Amino acid sequence: MNEKNTNPIIIEMKNIWAGYEYESVLEDINFEVYQGDFVGLIGPNGGGKTTLIKVLLGLVKPYRGSVTIKGLPVEEGRKYLGYVPQLVEFDHQFPIRVWDVVEMGRLGARGLLRRFTTVDHQKVEGALRAVEMLDFFRRPVGELSGGQRQRVYIARALASDPELLILDEPTSNVDPQMSNSIFGLLHKLNETISILLITHDMSAISSYTKTIGCINRNLHYHGEKELTTEMIEATYQCPVDLIAHGLPHRVLPSHHEVKE
Amino acid sequence: MIETFVSALQYDFMRNALTAGFLVSIACGIIGTYVVVKRIVFVSGGIAHAAYGGIGMSYFFGWNPVAGAIIFSLVSAFGMGWVQRRTKERADSIIGVMWALGMAIGIIFLDRTPGYKADLMSYLFGSILAVPSSDLWLMVVLDLVIILLVALFFKELLGVAFDEQYAVISNVPVDWIYMILMAMIGFSVVMLMRVVGLIMVIALLTTPASISAMFFDDLKKIMVSASLLGMLFTTIGLFLSFFLNLTSGASIILVAGIAYTLSLLWQTSRKKIQAHA
């Protein structure tokens, strides 16, 4: 364990068990995210990454354990979260412009029977500027490239003034160059906002994330920068296969550092 | 040529039919747009066919068939909306069963109703040429209700249509918004029943909006354009049926279907040209 984090806590999960009818997908998850964090969680497909996020967002109720966001239950606390879903979840034929997508980030703040105000417009504009997509605001989302679309959904999340950005596979279906530029963007955003991202793609966990964890039913996360062989072995069955992928950045400690 | 059109308009029933076509097209354009972009055409078809149960019950109990259809389509709309949102089973299978069950209930009730059921076919195949003035007023009211609801909840409806999950996270009352949408589909179905009949309701609900969605990227524009297209289709269809002595509902759908096919062909050829350029 590393030294205690002194930043204010955003997410606190205690002994979370969650899953679907006959099978638990998450077992005894204890997980904390603090202000300023940039956490990357990796794990195989079906390892419970998405379920973890759904628990955080209040879309899946855990059957044991507790989650709080800034000390509040998820239904109230999720207003502090900015969620960026996977690109594949969207209907690209849906006739909607970039501006209107980002404006949806203001739905929670504005409430029923109220029109969007100049404040909302300023937030939308600011969010689009932050992801460098303001010039595209009149464009139909369906006409954008994968990387541009990803930026638009990041902007939607930013428009709600979140304290923590949660991204589900932000670089899948995006070419490697675009993937780098998205990580560059996240790195910049991390100056003012905390980030949690999940991915099954080891190479997507770049040096930009501050801490890394592994998830496969159980979570191995100790708020550390490097993956240990124990974590990898507990998460994946075959660590050799993983290392052979040739990572752009070293996330594993070099050989002599590994303790016996 | 123009004189023949004018002469057709001298008939009360023709004027009523044209007005009905216009009124129905407004509901169709607005609600059809949601149905198309949210991909719930099948649900709408289910609501339309289940409404036949209401017609059958009305005949049996001696109620007003339109009232019966409204109640039945609202109940089935809420039922199907609930299934779509909540069930872990295959939603489309359940909706398929409700679709057929509604019709079966209608037929059984009609079997048990003694006497000659003269205008029964008009609910199945439409009877725009026999729309009484009272129905026109009902259509005006339903149009106004739909316009009011859409204006009040536009941003929520867009949010739910585009990304239901995100709307939930934003604490939008998604269930309520969804049920409002379902109720509006129910209202539209009942209005359309008069014009093209229950069997062809889906066609008029979807074709104008589908065509418009090929040309516009904004929900409001699609709604306006779909309403105008609906008016065009019903008017052309009506005159065709008047001069060629064809079934009015079928003529309207034929016009809409041809327009849809042509738009599809035009769009695919345009895309091919763009791909080569």
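Given the structure is predicted, the values throughout are model-derived calculations rather than measurements. Heavy atoms only: backbone and side chains are in, while hydrogens, waters and symmetry mates are out. Letters A, B, ... are given to chains in the order of the sequence lines, protein chains preceding strands, and every chain is numbered from 1.
If you check the side chains of Gln35(A) and Ser194(A), you find no donor sitting under 3.5 Å from an acceptor. Of the N and O atoms on the side chains of Arg149(A) and His92(A), at least one donor lies less than 3.5 Å from an acceptor on the other residue. Counting only N and O atoms by type, the side chains of Arg106(A) and Ser170(B) include no donor and acceptor under 3.5 Å apart.
Of the two parts of Phe94(A), only the side chain, counted from C-beta on, holds a non-hydrogen atom closer than 4.5 Å to a non-hydrogen atom of chain B. Proximity to chain A involves both the backbone and the side chain of Val168(B), based on heavy atoms less than 4.5 angstrom apart. The contact between Leu113(A) and chain B is made by backbone and side chain atoms together, counting heavy-atom distances below 4.5 Å. At a 4.5 Å heavy-atom cutoff, the contact between Leu158(B) and chain A is made by backbone and side-chain atoms alike. Interface residue Ala161(B): backbone and side-chain heavy atoms are both found under 4.5 Å from chain A. For chain B, the nearby part of Val101(A) is the side chain; its heavy atoms alone come within less than 4.5 Å.
Ranked by heavy-atom pairs shorter than 4.5 Å toward chain B, the options Pro140(A), Gly108(A), Pro95(A) are led by Pro95(A). Contact count versus chain B (heavy atoms, under 4.5 Å) is highest, among Glu89(A), Arg114(A), Arg139(A), for Arg114(A). Counting heavy-atom pairs under 4.5 Å between each of Thr33(B), Val37(B), Ile169(B), Val36(B) and chain A puts Ile169(B) at the top. Contact count against chain A (heavy-atom pairs under 4.5 Å) is highest for Lys155(B) among Glu156(B), Lys38(B), Lys155(B). Of the listed residues (Phe153(B), Phe216(B), Tyr166(B)), the one with the most heavy-atom contacts under 4.5 Å to chain A is Tyr166(B).
Checked options Val84(A), Leu165(A), Thr209(A); the residue passing with Leu186(A) is Leu165(A) (criterion: side-chain contact (heavy atoms from CB on, under 4.5 Å)).
The line from CG of Leu189(A) to CD1 of Ile182(A) is 11.0 Å long, rounded to the nearest 0.5 Å. To the nearest 0.5 Å, the span separating CG on Leu41(A) from NZ on Lys49(A) amounts to 9.5 Å.
Classified by interplanar angle (parallel below 30°, tilted 30° to 60°, perpendicular above 60°), the ring pair Tyr221(A)/Phe31(A) is perpendicular. Between Phe183(A) and Phe38(A), the ring planes lie parallel to each other; the angle is under 30°, not in the 30° to 60° tilted range.
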